[in-house]
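Data block below; observations after.
Numbers for residues simply follow the sequence, beginning at 1. Fair warning: this is a prediction, and the values are worked out from it, not measured in the lab. Atoms within each ligand, like the ligands themselves, are counted from 1 in listed order.
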Amino acid sequence: MNQNFKTMQNDHLPIAIIGGGPVGLAAAAHLAKKNLEFILFEAGTSVGQNFLSWGHIRVFSPWRYNIDKVAEELLMETNWTSPDKNTLPTGKELVDNYFVPLSNHPMIKPNIHLNTKVVSIGRKGLDKMKTANRASKPFSIKVEENGKIKYYEAKAVIDATGTWNQPNPIGSGGVFAEGEQELKDHIFYGIPDVKLKYLDRYKNKNIAVVGGGHSAINVLLDLEKVQKKYPQTQLNWILRKDSLERVYGGKEDDALKARGALGVRIQRLVDSGKLKVHTPFYIHKLTKKENRIQIEGDLNGKTKTIENIDEIVSNTGSRPDLDMIREVRIDLDSALESVFDLAELIDPNIHSCGTVRPHGEKELRHPEKDFYIVGSKSYGRAPTFLMATGYEQVRSVVAYLTGDIEAAEIVELNLPQTGVCSTNFSSKKPVEACC
Ligand SMILES: Cc1cc2nc3c(=O)[nH]c(=O)nc-3n(C[C@H](O)[C@H](O)[C@H](O)COP(=O)(O)OP(=O)(O)OC[C@H]3O[C@@H](n4cnc5c(N)ncnc54)[C@H](O)[C@@H]3O)c2cc1C
């Protein structure tokens with residue numbers, strides 16, 4: 001047992017996990033395997049709630065990278081059927097074939113609280129400024145559980161709440177563009193199922209997709225299919241990138257073939273002329289004119305208006321919810337809002353890759369003892385997080401919390417070497433700039 005806990009009067013309390021995504025669930029598996037008491041709070045009606053919002057999309061990493069090792073060991077004790085490790089699941093398949101069966105494991109299920117949104121976390125009876133005896137006080141966790149406010153206590157907290165629920169606005173300065181909130185009924189923040197669930201909303205419409213990452217590319221490739229069936233559908237792509245080469249990524253050289261293929265397919269769509277590209281475009285203002293949207297911004301330093309848009313899909317990244325953890329002492333990078341020590345490994349100003357140097361409990365520590373931010377939230381606003389990175393994070397954190405310092409310090413990441421971390425534009429050949 002962690003030396004710290006031995007002396008604490010709150011040793012009898014559980015460890016709280018916040019968030020039932022892949023990383024929170026992996027933390028649960030590691031704690032269950034070590035017979036440690038835990039409690040998991042998930043805001044949604046199902047585990048993997050965020051994956052369900054883009055359940056129709058196929059991920060780019062095959063199953064073998066998406067399943068935590070200890071979680072798999074637990075699942076093998078049940079009648080779970082392991083998926084073909086070389087295939088690519090959709091978001092929904094990940095939920096149905098992995099997250100839900102794991103959450104139903106008899107050592108995990110009784111500890112999961114669905115429909116339970118954590119509102120705030122603090123140290124019981126101590127505000128943020130008080131230091132004396134701080135580490136010996138339990139965490140007090142305020143939740144809204146099935147609509148009712150409740151309080152729980154825990155001896156440690158693992159915050160795995162991701163960032164997907166906090167989308168960035170489309171305003172280029174990171175704040176809502178003028179008119180953005182007024183026109184919110186015409187803006188979808190996320191990845192709508194344009195081919196099925198939202199077909200009526202998008203078919204034969206003039207659509208602007210904002211953002212330069214894989215989510216925007218996925219939306220555009222789906223909209224291309226809508227356009228084929230409904231030829232009056234018009235597509236616009238608004239990005240801030242100086243060069244589309246960076247957006248296309250490693251293409252055939254990407255070790256994650258499906259991710260590389262996205263680059264190839266979007267380049268083909270751009271080259272076909274069926275998609276109008278506006279880049280580098282910085283959005284400032286949205287106005288409504290005759291029931292359609294005018295998007296005003298800067299294109300190459302000059303004011304430009306994109307006219308007659310019916311619908312906007314925004315994929316401009318997301319940010320961590322910091323309100324919830326305002327009363328705990330955390331150390332974040334001022335630009336990325338990532339855990340401080342991770343920033344130099346993942347800063348997208350320097351790196352554009354999906355792999356990072358292995359890191360664990362030590363890098364994830366905060367001034368607040370026994371409080372950890374893991375999963376995509378640990379990367380803050382940086383968009384390159386992979387599930388496998390989170391599995392190693394929680395393995396290390398749980399090892400530390402059980403007093404196995406040696407295991408906590410040995411961190412290993414088995415991720416594909418992408419070879420596409422950044423692009424050398426002069427030679428047009430991808431070079432490995434990080435990892
Ligand atoms: C289209 C798409 C494709 C992707 N493809 C891949 C891929 O191929 N490979 C890969 O490794 N990664 C991929 N990713 C990234 C992957 O989704 C993230 O790495 C992963 O979701 C991070 O897991 P997480 O558990 O940290 O957070 P999340 O999955 O975001 O889970 C967070 C959970 O916390 C819950 N929650 C939030 N706030 C609260 C609160 N206050 N109280 C209680 N619960 C709360 C949420 O409901 C959610 O269930 C992809 C992402 C997208 C969008």
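Using a cut-off of 4.0 Å between Lys/Arg side-chain N and Asp/Glu carboxylate O, Glu327 and Lys142 are scored as not salt-bridged. Looking at Arg365 and Glu361, a side-chain N of the basic residue comes within less than 4.0 Å of a carboxylate O on the acidic one, giving a salt bridge. The residues Glu145 and Lys150 are annotated as salt-bridged, a charged nitrogen and a carboxylate oxygen being separated by less than 4.0 angstrom. For the pair Glu337 and Arg319, the salt-bridge criterion is not met [side-chain N within less than 4.0 Å of a carboxylate O]. Comment: Lys155 does not engage Glu37 in a salt bridge, judged by the lack of any side-chain N to carboxylate O separation of less than 4.0 angstrom. In this structure, Asp323 does not pair ionically with Arg326, as no charged nitrogen and carboxylate oxygen lie closer than 4.0 Å.
Checking side-chain atoms of Asn66 against main-chain N and O of Ser61 turns up a donor-acceptor pair under 3.5 Å. Remark: side-chain polar atoms of Lys377 are paired, donor with acceptor, to backbone N or O of Asp321 under 3.5 angstrom. Side-chain N or O atoms of Thr316 include one that pairs as donor or acceptor with a backbone N or O of Asn168 at under 3.5 Å. No side-chain donor-acceptor contact under 3.5 Å links Glu72 to the backbone of Ile67.
Those atoms of ligand 1 with a heavy atom of Phe41 less than 4.0 angstrom away are 43 (C), 44 (N). Using a 4.0 Å cut-off to heavy atoms of Gln49, the atoms of ligand 1 that qualify are 47 (O), 49 (O). Under a 4.0 Å criterion applied to the non-hydrogen atoms of Ile18, ligand 1 contributes the atoms 42 (N), 43 (C). Contact atoms of ligand 1 toward Val23: 23 (O), 24 (P), 25 (O), 26 (O) (distance under 4.0 Å to a heavy atom of the residue). Of all atoms in ligand 1, listed by their number and element, those nearer than 4.0 Å to a heavy atom of Asn165 are 37 (C), 46 (C). Taking every heavy atom of Gly375 and a limit of under 4.0 angstrom, the matching atoms of ligand 1 come to 26 (O). For ligand 1, the atoms closer than 4.0 angstrom to any heavy atom of Ala160 are 32 (C), 33 (C), 34 (O). Atoms of ligand 1 found under 4.0 Å from any heavy atom of Trp164, numbered from 1 in the order shown, are 53 (C).
Summarising the contacts of atom 23 (O) of ligand 1 with Pro62, Gly91, Pro320, Pro22, the nearest heavy atom is found in Pro22. The nearest non-hydrogen atom to atom 27 (O) of ligand 1, considering only Ser376, Ala388, Gly21, Gly24, comes from Ser376.
Checking only distances, Leu386 never comes within under 3.5 Å of ligand 1, N or O to N or O. Here's the thing with Ala43: one of its N/O atoms is less than 3.5 angstrom from an N/O atom of ligand 1. Considering backbone and side-chain N/O of Asn50, one or more are found under 3.5 Å from N/O of ligand 1. Close N/O approach between Val59 and ligand 1 is not found [any backbone or side-chain N/O within under 3.5 Å]. At under 3.5 Å, not a single nitrogen or oxygen of Lys377, backbone or side chain, sits near a nitrogen or oxygen of ligand 1. At a 3.5 angstrom cut-off on N or O pairs, Ser61 counts as close to ligand 1.
The 12-atom threshold is not exceeded at NZ of Lys92, counting heavy atoms of other residues, nucleotides or ligands nearer than 6.0 Å. Residue-environment remark: NZ (Lys229) stays at or below the threshold of 12 foreign heavy atoms within 6.0 Å. By the neighbour-count criterion of 12 heavy atoms within 6.0 Å, atom NZ of Lys33 is densely surrounded, having more than that number from other residues, nucleotides or ligands. Atom CG of Asp84 sits in a crowded spot, with more than 12 heavy atoms from other residues, nucleotides or ligands closer than 6.0 Å.
For atom 18 (C) of ligand 1, the nearest protein heavy atom (residue, atom name, distance) is Phe385 CD2, 4.3 Å. The nearest heavy-atom contact from the protein to atom 49 (O) of ligand 1 is Glu42 OE1, 2.7 Å. The protein non-hydrogen atom at the shortest distance from atom 12 (N) of ligand 1 is Met387 CE, 3.8 Å. In this structure, atom 39 (C) of ligand 1 lies nearest to the protein heavy atom Thr161 CG2, 3.5 Å. The shortest contact between atom 52 (C) of ligand 1 and any protein heavy atom is with Trp54 CZ2, 3.5 Å. Of the protein's non-hydrogen atoms, the one nearest atom 6 (C) of ligand 1 is Phe60 CZ, 3.7 Å. Atom 34 (O) of ligand 1 has its closest protein heavy atom at Gly19 CA, 3.2 Å. With respect to atom 40 (C) of ligand 1, the closest heavy atom belonging to the protein is Val118 N, 3.7 Å.
Taking a 4.0 Å cut-off on heavy atoms, Phe51 registers as neighbouring ligand 1. For Thr116, the closest heavy-atom approach to ligand 1 falls below 4.0 Å. For Gly390, the heavy-atom gap to ligand 1 stays at 4.0 angstrom or more.
Under 3.5 Å, the side chains of Ser338 and Asp333 contain no donor-acceptor pair of N or O atoms. Side-chain contact check for Asp159 and Thr161: at least one donor-acceptor pair (N or O, by modelled atom type) lies under 3.5 Å.
Between Leu74 and Glu77, some side-chain heavy-atom pair lies under the 4.5 Å cut-off.
The part of Met324 lying near ligand 1 is the side chain, judged by heavy-atom distances below 4.0 Å. Residue contacts with ligand 1, taken as heavy atom pairs separated by less than 4.0 Å, involve Ile191 solely via side-chain atoms from C-beta onward.
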